[in-house]
Amino acid sequence: MGVEQKLGNLGVVTTTLEQAVNWSRTKAMWPMLFGLACCAIEMMSAQAAHYDMSRFGMELMRPSPRQSDLMIVAGRVTRKMAPVLRRLYDQMPEPKWVISMGDCASCGGVFNNYAIVAGVDEVVPVDVYVAGCPPRPEGLIHGIVTLHEKVNAEKMRDWAKKQG
Amino acid sequence: MDEKLQSILESLQAEFSASVEEFRGEPQVTLAVEQIVPALTQLRDKHHFEQLITLTAVDYWPEENPRFHVLYLLRSYAQHLTLLLRVPVSGVNPTVPTASGIYANANWRERELWDMFGIKAEGHPDLRRILMPADWEGHPLRKDYPLGYEEPQFTFNFEEIDLRKPYAKE
C-alpha cells in the first residue's frame, strides 16, 4: 500500500530539498494582477496567447496579494500610490519577489518631478530591474527568467534569513 | 459668429457688464468674480447651457493682480454652442464663489482647482484635495511651485548616489 501501487513502477528520483523547493517556487510563481501605467499593457500581452507566460508556470495572475508570489511593478509610481504599493507588498506572503518593470518604476524614467517616486526601490526591495520604455513582452519574460535563475540559486541557509 | 451666440453675448454684456473678446471665431467672456454665479445661473436656465465641460484656471505669475484666470467652459447641446467664461482673481488669498450649486460636476472640478492652484471655492460643501495626497503641502500647478528634481543615476555617478539613496527594507 503506497504511492507505487497507484502510479505503477515510475522509478525514483532523488534530489536535494533545496533544489526541489526552488524548482517548485519557480515553476508556479504567480504574479499579482495589477498595473500602474502603460507597462501594464505589455505585461498583459506577455500574459496573453502570443507570448504566453504560462510556459513559465504563470498561467494565473492573482488579483489578491495574499495569493501571489511575485509583484510586477508595471509603470510609474506616484507619491500618492507609493504607500498603497508598500501595503500590497506587505500583504503578500513570504517568500515574495519584486520585478521593477520599465524605466519609470526602475529610476523614475522621463519623470523627474515632485509627483513621481524616482525608483520603486525606495518603496519595496526590488529583485530584478527590466529596462525599456516600455519593455517588450520578451524583455519582461527575460526579466522573469532572470528572476527564476536567482531563485534557483537561493541557498537553504538563507531562507530563514530572508524571512527575517 | 453664430447669431444665437451673438444675442447671448449681448445680454451678458448688458446685464453683467461683461467684456467680450473673440479669437478665431470663439468668444471669451470676462466677468467680475461677484457676477459669475448669477451669470452661470442665467446661462443654464435661460440660454440652455446644460453642461459645464470644464472648470480650470490659468496662472499668470509673476503678475499679481489679477494673477489667476478661472475658466468655465460651457456647452449647449440644444443650440450647438460652446462658451468660455473667464474670471480674473487676485494672487492674494484667491477665492471664487462655488458653482457646485449650479452644475453638480463643479464639485470635483473646484476641489481640483483648490488642490492644483490653491483657489478656494467659497461655499463648497466638501473642499478637500482630490489628486494629491491629503497631507501634501503647496499647490503644484502654480507657476512658482518648484518642479522638484532628483539627480539621475548614470554609470559615472552611480555609486555616489547609490550611497545616499533611501532603499526600502524587506
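Naming: A, B, ... by sequence-line order, numbering from 1 per chain.
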Does [X] share a hydrophobic cluster with [Y], counting links as ILVMFWY side-chain heavy atoms below 4.5 Å and allowing steps through other members?
| X | Y | value |
| --- | --- | --- |
| A/Met61 | A/Met58 | yes |
| B/Leu73 | B/Leu43 | no |
| B/Val20 | B/Leu85 | yes |
| A/Ile144 | A/Met32 | no |

Look at atom [atom1] of [X] and say whether more than 12 heavy atoms of other residues, nucleotides or ligands are closer to it than 6.0 Å.
| X | atom1 | value |
| --- | --- | --- |
| B/Glu64 | CD | yes |
| A/Gln91 | CD | yes |
| A/Arg55 | CZ | yes |

Atom pair CG/NZ of A/Asp121 and B/Lys165 - distance to nearest 0.5 Å: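 Interatomic distance, A/Asp121 CG to B/Lys165 NZ, rounded to 0.5 Å: 4.0 Å.
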Pairs of heavy atoms under 4.5 Å with chain B: top-ranked of A/Asn113, A/Val98, A/Val126: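 Greatest number of close heavy-atom pairs with chain B: A/Asn113.
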Nearest atoms (heavy-atom pairs only) where B/Pro140 meets A/Tyr114: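 Looking at all heavy atoms of both residues, the shortest contact is CB-OH, 3.1 Å.
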Non-hydrogen atoms of B/Ala168 and A/Pro125 that approach each other most closely: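 Heavy atoms only, the tightest pair is CB-N, 4.0 Å.
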All pairs passing salt bridge (charged side-chain N to carboxylate O under 4.0 Å, His left out) where residues 8-33 of chain B contributes a residue, at least two apart: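 Counting only pairs at least two positions apart or across chains, no salt bridge (charged side-chain N to carboxylate O under 4.0 Å, His left out) contact touches residues 8-33 of chain B.
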Toward chain B: residues of residues 73-86 of chain A with heavy atoms under 4.5 Å: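 Interface residues of residues 73-86 of chain A: A/Arg79, A/Lys80, A/Arg86.
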